[in-house]
Amino acid sequence: MEFKDHVCELLNTIDACQVFFDITVNFDLTKNYLDLVVTYTTLMIILSRIEERKAIIGLYNYAHEMTHGASDREYPRLGQMIVDYENPLKKMMEEFVPHGKSLSDALISLQMVYPRRNLSADQWRNAQLLSLISAPSTMLNPAQSDTMPCEYLSLDAMEKWIVFGFILCHAVLNSDAAALSLWKLALQSSTCLCLFRDEVFHIHKAAEDLFVNIRGYNKRINDIRECKEQALSHAGSMHRERRKFLRSALKELATVLADQPGLLGPKALFVFMALSFARDEIIWLLRHADNIQKKSTDDFIDKHIAELIFYMEELRAHVRKYGPVMQRYYVQYLSGFDAVVLNELVQNLSVCPEDESIIMSSFVNTMTSLSVKQVEDGEVFDFRGMRLDWFRLQAYTSVSKASLGISDHKELGKMMNTIIFHTKMVDSLVEMLVETSDLSIFCFYSRAFEKMFQQCLELPSQSRHSICFPLLCTHFMSCTHELCPEERHHIGDRSLSLCNMFLDEMAKQARNLITDICTEQCTLSDQLLPKHCAKTISQAVNKKSKKATGKKGEPEREKPGVESMRKNRLLVTNLDKLHTALSELCFSINYVPNLVVWEHTFTPREYLTSHLEIRFTKSIVGMTMYNQATQEIAKPSELLTSVRAYMTVLQSIENYVTIDITRVFNNVLLQQTQHLDSHGEPTITSLYTNWYLETLLRQVSNGHIAYFPAMKAFVNLPTENELTFNAEEYSDISEMRSLSELLGPYGMKFLSESLMWHISSQVAELKKLVVENMEVLTQMRTSFDKPDHMAALFKKLTSVDSVLKRMTIIGVILSFRSLAQEALRDVLSCHIPFLVSSVEDFKDHIPRETDMKVAMNVYELSSAAGLPCEIDPALVVALSSQKSGHCNNIHCLAKAINQIAAALFTIHKGSIEDRLKEFLALASSSLLKIGQETDKMTTRNRESVYLLLDMIVQESPFLTMDLLESCFPYVLLRNAYHAVYKQSISANA
């Protein structure tokens, strides 16, 4: 209500003063006058669109009455205004009759500006608009114009002025051909105008509805209908061609300025014109695509819009980056040229009143005092006072009775407009960027914004420009206003969520492309595996021996590497397309190191890094191809090959984006050495540990697999039910080394701990059997030199076979662990030879008399490096936590007895050497007693047991052959080896 009163008062004052308006002379005054009229009109139209407006003001009055005890004294006027402005434009047409002269003069002055701005793309192209290289000889000349601020004036704003202005003073359309020409040109360019943000005004229907009730306006109504048809049929294609031209023009401009930023000085006007033109076309498309009035929508879908926005952002970045270059240029321009020219103009004025003279002199003095040193010293410039003085001077000199009339001195007005533009180049570059290229309106067209982004990502040639969408989110806060602070949080949150979503989608798209490339490379890498060469070797052998090879016409198998042979450069493979798409998208991700949206900093590269980490983790686990139902898993060597191929592709990403891929490897691969990753998901360490324990070693216990020390591998035995896997292919030296490479020392430590847990459970059962036979065993310990008594006591022992079986299981597990440890040692010796040799030297030179706790620390370090130790620290830990080959794997007993004894006697603080000597005495006494037996059952496998005793001594670091020979004749061992060898030959025969 107060706003309306102030506007009406100001308009009446302007009419009374008979103010002169010309956009090319007193630009600021005319622009602000037209903006005032349009803002007033827009406000009244929006007010009329509020459906519950009467109820709202009624509630307001009721609340006022309850609070103050009386109704608002302006309430009757407010209510009357709501009623009067039910049809706002009709009411305002009556209201603006007295203001018609001033308004029409201001609008008609646009005939020098608007038609020149509203040209077709062909006319722009013929004029080589915005081109810096079309005339190389004039490249360094400053871009000049008599209507400097009009060159980058918003086309959208001008159309609103013309459409709303001529509706309000419609009488001039019948009397002035220039006015009618402007009106028709504006009606042909658009079908709707922006009222506020995403609120639009359909101009043709509204204008026709207003004029239909005015007598004698049939011709105007026909004009409106013709213009509507013209707009519907041609406006879309005209604006599409303009956008097409601007894409190439802005690209050229951005490229030249990136190479020669010094041109930003003389050609600054071109930059702001380009930004303004592009901004107008983008806003036009956004508004019309959301309010399509024709069936064909092709002209309103622009899949290349991202490219135009991207070049706008590039120009904005140049202006921000090289602001000091522009400041230096225009400080010199103002002091060296503008001040001189303005001084001459002032001197040549026939009449110059004192007040105006003082203002003019202050302009000259301000400009003359400028120097480049101020720029170099980083001094902050502020010409707002000067610009405000010029605005006041325009008002003084534009009234009819002014002694110095600006209408008589247009050259002065045009010169001052140019000077004002130059001052803005020094102190208001950021404000100029907002004025000419602000696209915060996208905040209110979220669906269209997201749709444009998706179209950009779907088109590989446009994905390099996708970063412009997150960059646009930095514009959103410029649409907030200090009079509505509560809106800041809502708009800020929207800008953050959209920016986050865009960057996340870009990273996902890049990740998917990288994954596809990795899959292709893994397939190619798989072709080089040894298992695929058998057929090639077979074909070569058959060819050499001239044998018939298979069926006739069978295609020859392609050799690895054939995919790299190109017969034609135009031939594009799937991998080529993926790499092209990836390079385009990575350009976008790498375009800016970070961007600030509402005081939040976003780093696009970090989005890609986090997505790569997640996908790499999932891919590694997926490549194990573990099937819980069938207990199938990939061979470690094959997984290692795939992982290396994957890592090679990821390393190549550093050629596209500045990211630390080593950090990704460290984060992912270190997590894979643990039981669970950071998300609580199983890792390759847990999968392989479970498979070796639950599948391979369980089948060893079941008698389907045997350990062969000579081969250093577990091998399948011929059985009725064939196993689904070949044990040797998972447990030989190369596979165990591959496993060590994948799991690393941490993963192998977890594998060892899991193996030891199984051993400790077997030891727990053995303890129960020992407790069960405690009395007999105690007697046997003191009677080992009484053979008859020992034989009798032996027969009293129970569950002897169970002890043997459990000790064999322990031996099998320890044999597998020794394979794993040996593989780990080999791998670490390749990667960190000096460190491993230092650990080995430390272990070998630890004195015998060292405290056991210190010795255990050394053994633990050595074990982690894969080195064999006298006492197995992992087994000690596993057992201390308990507080309550041959085909039958019997040869594994030696390892079991030695390591279990060493671990147990360490826990119970006993002398390992003394206890093992005692064991040797008991065992040799019992075996010598067996030699005297005649019973076949008692002497069964006697020679094999002799050899087992020999293996125990050989395995033990605490027992020697001299000690064995002192209590067991070596001749018996020699005969035993001979007998076992003969037995194996006869068995094979």
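Residue numbers count from 1 along this sequence. Computation of the quantities below employed the complete heavy-atom set of this structure, encompassing side-chain atoms and omitting hydrogens, waters and symmetry-equivalent molecules.
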Using side-chain heavy atoms (C-beta onward) and a distance below 4.5 Å, is S102 in contact with V19? no

Among pairs that include at least one residue of residues 155-171, which meet side-chain hydrogen bond (donor to acceptor under 3.5 Å, both in side chains), considering only residues two or more places apart or in two chains? D35-W161, Y114-E159, D156-R287, E159-S190, H170-Y217

Only one of D382, D28, D427 clears salt bridge (charged side-chain N to carboxylate O under 4.0 Å, His left out) with R387; which? D427

Establish, yes or no, whether a centroid distance under 6.0 Å links the rings of H6 and F3. no

List for me each residue that meets side chain to side chain contact (heavy atoms under 4.5 Å, CB included) alongside D438, sequence neighbours excluded, and say none if there are none. V434, S440, H475, S478

Donor-acceptor pair, distance only, cut-off 3.5 Å: does the side chain of S276 make one with the backbone of M273? no

Without hydrogens or angle criteria, can the side chains of E95 and Y40 be said to hold a donor-acceptor pair below 3.5 Å? yes

Could you tell me if the side chain of F27 sits less than 4.5 Å from the side chain of L153, heavy atoms only? yes

Any non-hydrogen side-chain atom of E486 less than 4.5 Å from a side-chain atom of C484? yes

Please examine the side chains of R117 and M158, heavy atoms only from C-beta on, and report whether any two atoms are closer than 4.5 Å. yes

Looking only at side chains, do E252 and S248 share a donor and an acceptor under 3.5 Å apart? no

Please determine, by modelled atom types, if N118 and S189 share a side-chain donor-acceptor pair under 3.5 angstrom. yes

Taking side chain to side chain contact (heavy atoms under 4.5 Å, CB included) as the definition, give me every residue that meets it alongside D338, ordered by chain and number, with sequence neighbours left out. Y333, L334, M367, M415, I419, H422

Would you confirm whether the ring centroid of F476 sits within less than 6.0 angstrom of the ring centroid of F442? no

For R116, is there an ion pair with E151 - N to carboxylate O distance below 4.0 angstrom? yes

Acceptor/donor pairs from residues 256-272 side chains to any protein atom, 3.5 angstrom cut, sequence neighbours excluded:
from: K267; atom 1: NZ; to: T138; atom 2: O; distance (Å): 3.3
from: K267; atom 1: NZ; to: N141; atom 2: O; distance (Å): 2.9

Please confirm whether the backbone N or O of A339 pairs with a side-chain atom of N343, one donor and one acceptor, at under 3.5 Å? no

Donor-acceptor contact below 3.5 Å, side chain S131 vs main chain Q128: no

Judged by atom type as modelled, is there a donor-acceptor pair below 3.5 Å linking the side chain of S361 to the main-chain atoms of S357? yes

Do Q188 and Q230 get their side chains close enough for a donor-acceptor pair, meaning under 3.5 Å? no

Tell me every residue that passes ring-ring contact (aromatic ring centres under 6.0 Å, His included) with Y152, counting only those two or more places apart in sequence or in another chain. F421

What is the minimum heavy-atom distance between R320 and L433, and which atoms define it? CG-CD1, 3.8 Å

Please check if any side-chain donor atom of R279 sits under 3.5 Å from a side-chain acceptor atom of S437, or the reverse. no

Under the side chain to side chain contact (heavy atoms under 4.5 Å, CB included) test, which residues partner V372, sequence neighbours left out? R328, Q332, E376

For the residue pair V163 and W183, what are the closest heavy atoms and their distance? O-CZ3, 3.5 Å

Within the distance-only criterion (no hydrogens, no angle test), does the side chain of S428 pair as donor or acceptor with the backbone N or O of E431 below 3.5 angstrom? no

Could you point out which residue of N26, D105, L29 forms a side chain to side chain contact (heavy atoms under 4.5 Å, CB included) with F20? N26

Shortest non-hydrogen contact from L187 toward H204: O-NE2, 2.8 Å

Minimum heavy-atom separation for M148 and A143, please, with both atom names. CE-O, 3.5 Å

